[in-house]
Amino acid sequence: SQKIEQNSEALNIQEGKTDTLTCNYTNYSPAYLEWYRQDPGRGPVFLLLIRENEKEKRKERLKVTFDTTLKQSLFHITASQPADSATYLCALPNYGGSQGNLIFGKGTKLSVKP
Amino acid sequence: DTGVSQDPRHKITKRGQNVTFRCDPISEHNRLYWYRQTLGQGPEFLTYFQNEAQLEKSRLLSDRFSAERPKGSFSTLEIQRTEQGDSAMYLCASRPGGGDTQYFGPGTRLTVL
């Protein structure tokens, strides 16, 4: 069965720095992969979707890459701000995307210190 | 606000009681998902509806759990004879038929005493 591993449970960085979060999956390569942000006590908020034929996707200060050979996605935040502090979840569709239900990693809790 | 809404936001109940949660998806979304999230874990899939049809259920969804989506609009998730292990955040998400992205509601936090 498909499993997702996110590199760290928690990361602490200084404001203004760039950091990279890693998401590795173990089995089949999905048709797409998504990243979500989750604040304490709230539901996940969609950030970016990257498809298997896309190498890179950007949105404002965020960049996501997808390497199907390495079975890995990287999530970059540039010029980080304290408001970026949250848990970041990687998710991919189960069964290659036929029904759309997602498998999530445990998330990486990012803390940006001023 | 036209996002996904869930009610109640918090529910505290005693072991053995029944509870019901409601989810109102984004109006034009025909796909609806329920997930459960425990502390320190990512959301785990429970069940999926396309319109009013329940098309997939996870093995996590024991026979004490039932979900409905009458008329393909709002959905309810009922847990009978709650157990302390049912304590979790229950999340609902909806998705348009032609799209991939799921939009999550704020969740219902269940505490079973």
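Side chains included, hydrogens not; waters and symmetry mates left out as well; all remaining heavy atoms used. Just so it is clear: chains get the letters A, B, ... in the order the sequence lines come, proteins before strands, and each one is counted from 1.
- The cluster map of Ile, Leu, Val, Met, Phe, Trp and Tyr, joined by side-chain heavy atoms under 4.5 Å apart, puts B/Y90 and B/Y103 in different clusters.
- To the nearest 0.5 Å, atom CZ of residue A/R42 and atom CZ of residue B/R9 are 6.5 Å apart.
- Minimum heavy-atom separation, B/L91 to A/G43: CD2-CA, 3.7 Å.
- Open room surrounds CG on B/L39; 12 or fewer heavy atoms of other groups in view lie less than 6.0 Å from it.
- Atom CZ of A/R37 has more than 12 heavy atoms from other residues, nucleotides or ligands within 6.0 Å.
- The distance from atom CG of A/N101 to atom OH of B/Y48, rounded to the nearest 0.5 Å, is 8.5 Å.
- At a threshold of 4.5 Å between non-hydrogen side-chain atoms, the residues B/F45 and A/F104 do not count as touching.
- Other residues, nucleotides and ligands contribute over 12 non-hydrogen atoms within 6.0 Å of the CD atom of A/E15.
- Two different hydrophobic clusters hold B/W34 and B/L55 under the rule that ILVMFWY side chains link at heavy-atom gaps under 4.5 Å.
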Task: side chain to side chain donor-acceptor pair (under 3.5 Å) assessment of B/Q37 paired with A/Q38 - done: CA-CA 12 Å; B/Q37 186 176 24; A/Q38 188 172 29; 2.8 Å; yes
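- Summarising the geometry of B/Q102 relative to A/Y36, their closest heavy-atom pair is O-OH, 3.3 Å, with the distance given to 0.1 Å.
- Contact count versus chain A (heavy atoms, under 4.5 Å) is highest, among B/G107, B/P106, B/A93, B/G40, for B/P106.
- Hydrophobic clustering (ILVMFWY, side-chain heavy atoms < 4.5 Å, transitive): A/I77 and A/L11 are in one cluster.
- Interface residue A/L102: backbone and side-chain heavy atoms are both found under 4.5 Å from chain B.
- Placement of A/I4 and A/L48 within a single hydrophobic cluster is found when ILVMFWY residues are connected by side-chain heavy-atom separations under 4.5 Å, directly or transitively.
- The minimum heavy-atom distance linking A/L89 with B/G42 is given by the pair CD2-CA, 4.3 Å.
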